[in-house]
Trainee: 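Mind having a look at this structure? Questions to follow.
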There are 2 protein chains.
Amino acid sequence: MLSKKAKYALKAMLMLAEQPEGLLIQAPDIADRQKVPGKFLEAILLDLKRRGLVHSQRGKQGGYCLAKPADRITFGEIIRIMDGPLAPIPCASMTSYRRCADCRDEAACAIRQVMLRTRDAMASVLDHVSLADVSAGTHRDLVSTALAG
Amino acid sequence: MLSKKAKYALKAMLMLAEQPEGLLIQAPDIADRQKVPGKFLEAILLDLKRRGLVHSQRGKQGGYCLAKPADRITFGEIIRIMDGPLAPIPCASMTSYRRCADCRDEAACAIRQVMLRTRDAMASVLDHVSLADVSAGTHRDLVSTALAG
DNA sequence: CTTTATTCCTACTAAACCAATAGAGATAAT
DNA sequence: ATTATCTCTATTGGTTTAGTAGGAATAAAG
């Protein structure tokens, strides 16, 4: 399950992706528009900033904007920052593998094999859909995106 | 993330799938063999029984066995029972849809569209891999399974 | 009919995590 | 100096997870 935090992060990033390049948007604007709790959103944006996905400026007339072009930020990237690995089980994660303590023979583990395939299936969507692919400003056809990936 | 409960359920079901048809296995045997806490496993098996995936018999010489052929029980079925819907977000679930309170226009929601595709990707694996597909007794080739599905 | 092995069921608990809030500090524009 | 904004730390209430405890019901075996 996607946490609220991840969902709010996606909403915020999509809103930033719709803005003209370089324009700064304030946290309260995003909170109002996207109906997310203001202080909670602040924490989320701070997190996204620390991870290099958004740029921020303090003080009057400050705000947030994307730190990279929208076509170079994927859903998977955002979700991993907020919720951790995509894989349903740590032993099937590419980005943060961890062995199962209770596993007799990992190479033969049926659960792991199926979860690897599940992870791949999820990643084949989430790591290939960028903000630009779906944002209102620069909408591209989803089917062609899928075929290209 | 798959909960421990779901993981243990999969382990138990896979072990049952490996047994000769109709042979009853006791909960402590499964717990020992699969290294899962005994009492926790009891609760899980009870749940699986109530949902019609396993058959149980009480009393001496009792135990558990699959209630259906192993090729008619999928990973998705088990995971949904233990952890709920596959979809990362309720508004993208086929089996237990729920609208987002904070959504302005569901039809246009980019997050929902991507999560629908993610759900489909997950389901294309989990709803098409059965216990028989991966269990030691009746192993089938995963690639051919994938192509067939 | 008693003993024993098993599933069934309810209740409880400790720890972790989630969703959010509070309040003060730092910084930049006006 | 004032004000608007991001930055940071701490705290909180609620929920979920991962179990544990203990007994009731049932069925087989002696």
Side-chain angles (χ1 to χ4, degrees), chain A residues 1-12 15-16 23-67 79 81-85 88-90 100-102, chain B residues 1-12 16 23-32 34-67 79 81-85 88-90 100-102:
Chain A
M1 261 287 277
L2 210 64
S3 68
K4 300 254 183 188
K5 207 167 146 192
K7 183 174 144 188
Y8 296 163
L10 290 172
K11 283 185 157 197
M15 184 163 162
L16 292 179
L23 178 64
L24 295 173
I25 306 291
Q26 287 78 45
D29 284 5
I30 304 178
D32 283 0
R33 187 87 171 69
Q34 304 297 331
K35 296 200 240 177
V36 320
K39 278 303 223 176
F40 196 19
L41 180 65
E42 273 188 15
I44 290 166
L45 287 167
L46 187 53
D47 219 341
L48 290 168
K49 183 223 154 186
R50 289 196 178 122
R51 302 297 297 269
L53 260 57
V54 308
H55 167 77
S56 67
Q57 189 183 323
R58 300 222 269 202
K60 212 165 186 176
Q61 311 286 22
Y64 302 89
C65 63
L66 295 186
I79 291 171
I81 287 173
M82 307 312 292
D83 284 355
I89 196 168
C100 292
D102 57 336
Chain B
M1 262 285 277
L2 209 64
S3 69
K4 300 255 182 190
K5 207 168 147 193
K7 182 174 143 188
Y8 296 162
L10 290 171
K11 283 185 158 200
L16 292 179
L23 178 64
L24 295 173
I25 307 292
Q26 287 80 45
D29 285 5
I30 304 178
D32 283 0
Q34 305 296 332
K35 297 201 240 174
V36 320
K39 278 303 224 176
F40 196 20
L41 180 65
E42 270 188 21
I44 291 166
L45 287 166
L46 188 54
D47 219 341
L48 290 169
K49 183 223 154 186
R50 288 197 179 120
R51 302 295 296 268
L53 261 55
V54 308
H55 167 76
S56 67
Q57 189 182 324
R58 300 224 269 203
K60 214 166 186 175
Q61 311 286 24
Y64 301 89
C65 62
L66 296 185
I79 291 171
I81 287 173
M82 307 313 293
D83 285 354
I89 196 168
C100 292
D102 57 336

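Note that these values count all heavy atoms, side chains included, but never hydrogens, waters or copies made by symmetry. Just so it is clear: chains get the letters A, B, ... in the order the sequence lines come, proteins before strands, and each one is counted from 1. Owing to the predicted nature of the structure, the values given are computational and were not obtained by experimental measurement.
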Trainee: Do A/Leu46 and A/Glu42 have side chains that approach each other closer than 4.5 Å (heavy atoms only, starting at C-beta)?
Mentor: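 No, side chains not in contact.
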Trainee: Take atom CD1 of A/Ile25 and atom P of D/dT5, then tell me their distance rounded to the nearest Å.
Mentor: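 For the pair A/Ile25 CD1 and D/dT5 P, the rounded distance is 12 Å.
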Trainee: Keeping to residues at least two apart or across chains, list the ring-ring contact (aromatic ring centres under 6.0 Å, His included) pairs with something in residues 23-49 of chain A.
Mentor: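 Those involving residues 23-49 of chain A are A/Tyr8-A/Phe40.
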Trainee: Enter the distance from B/Tyr64:OH to B/Gln26:CD here, rounded to the nearest 0.5 Å.
Mentor: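 One gets 10.0 Å once the value is rounded to the nearest 0.5 Å.
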Trainee: Going by heavy atoms in the side chains, are B/Lys49 and B/Leu45 under 4.5 Å from each other?
Mentor: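 They are not in contact (no side-chain heavy atoms under 4.5 Å apart), so the answer is no.
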Trainee: Could you pull out all residues at least two apart from B/Asp102 that satisfy side-chain hydrogen bond (donor to acceptor under 3.5 Å, both in side chains)?
Mentor: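 A/Lys7, A/Lys11.
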Trainee: Between B/Glu42 (CD) and D/dA18 (C1'), how many Å, whole number?
Mentor: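 After rounding, the reported distance stands at 15 Å.
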Trainee: Between A/Gln26 (CD) and D/dT3 (P), how many Å, whole number?
Mentor: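 A/Gln26 atom CD is separated from D/dT3 atom P by 18 Å.
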Trainee: Nearest 0.5 Å, what's the SG-NZ distance between B/Cys100 and A/Lys4?
Mentor: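 It comes to 8.0 Å.
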Trainee: On DNA chain D, check which nucleotide each of B/Lys5 and A/Leu46 is closest to and give me the residue with the more 5' one.
Mentor: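 The 5'-side residue here is A/Leu46.
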Trainee: Heavy atoms, side chains only, cut-off 4.5 Å: are A/Leu2 and A/Leu10 in contact?
Mentor: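 A side-chain contact under 4.5 Å exists here.
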Trainee: Could you give the distance from CD1 (A/Ile89) to OG (B/Ser3), rounded to the nearest 0.5 Å?
Mentor: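 Separation between the atoms: 10.0 Å.
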Trainee: Ignoring backbone atoms, establish whether A/Lys49 has a side-chain N or O less than 4.0 Å from OP1 or OP2 of D/dT7.
Mentor: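 Yes.
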Trainee: Anything under 3.5 Å between a protein N or O and an N or O of nucleotides 28-30 of chain D, put it in a table, one pair a line.
Mentor:
unit_1, atom_1, unit_2, atom_2, d
D/dA28, OP1, B/Gln57, NE2, 3.3

Trainee: For a quick test of reading the model: is some side-chain N or O of A/Ser56 closer than 4.0 Å to OP1 or OP2 of D/dT7?
Mentor: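 Result: yes.
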Trainee: Nearest-nucleotide wise, let me know which of B/Gly62 and A/Ala6 is further upstream toward the 5' end of DNA chain C.
Mentor: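 Counting from the 5' end, the first nearest nucleotide belongs to B/Gly62.
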Trainee: Which whole-number value in Å describes the distance from B/Lys7 NZ to D/dT17 P?
Mentor: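 Rounding to the nearest Å, NZ of B/Lys7 and P of D/dT17 are 16 Å apart.
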Trainee: Hey, where on DNA chain C does chain A first and last touch, going 5' to 3'? Cut-off is any atom under 4.0 Å from a heavy atom.
Mentor: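 In short, chain A contacts DNA chain C from C/dA19 to C/dT30.
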Trainee: Could you list, one pair per line, each protein nitrogen or oxygen that sits under 3.5 Å from a nitrogen or oxygen of nucleotides 19-21 of chain D, together with the distance?
Mentor:
unit_1, atom_1, unit_2, atom_2, d
D/dG19, OP2, B/Tyr8, OH, 3.0

Trainee: How close do A/Ala9 and A/Ile44 get, heavy atom to heavy atom, and via which atoms?
Mentor: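 Scanning both residues completely, I find the closest heavy atoms to be CB-CG2, 3.7 Å.
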Trainee: Nearest 0.5 Å, please: how far is CD1 in B/Ile81 from CZ in B/Arg51?
Mentor: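 The CZ atom of B/Arg51 sits 4.5 Å away from the CD1 atom of B/Ile81.
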Trainee: Roughly how far, to the nearest 0.5 Å, is the CG atom of B/Leu66 from the CG atom of B/Leu48?
Mentor: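 Answer rounded to 0.5 Å: 10.0 Å.
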Trainee: Test side-chain contact (heavy atoms from CB on, under 4.5 Å) on B/Gln34 and B/Leu41 and set out the steps.
Mentor: CA-CA 10 Å; B/Gln34 305 296 332; B/Leu41 180 65; over 6 Å; no
Trainee: The test is side-chain contact (heavy atoms from CB on, under 4.5 Å); show your working for A/Met1 and A/Asp83 and say whether it passes.
Mentor: CA-CA 9 Å; A/Met1 261 287 277; A/Asp83 284 355; over 6 Å; no
Trainee: I need the residues from residues 27-35 of chain A with at least one non-hydrogen atom less than 4.0 Å from DNA chain D; give them sorted by number, or say none.
Mentor: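 Those residues whose heavy atoms fall under 4.0 Å from DNA chain D, taken from residues 27-35 of chain A in numerical order, are A/Ala27, A/Pro28.
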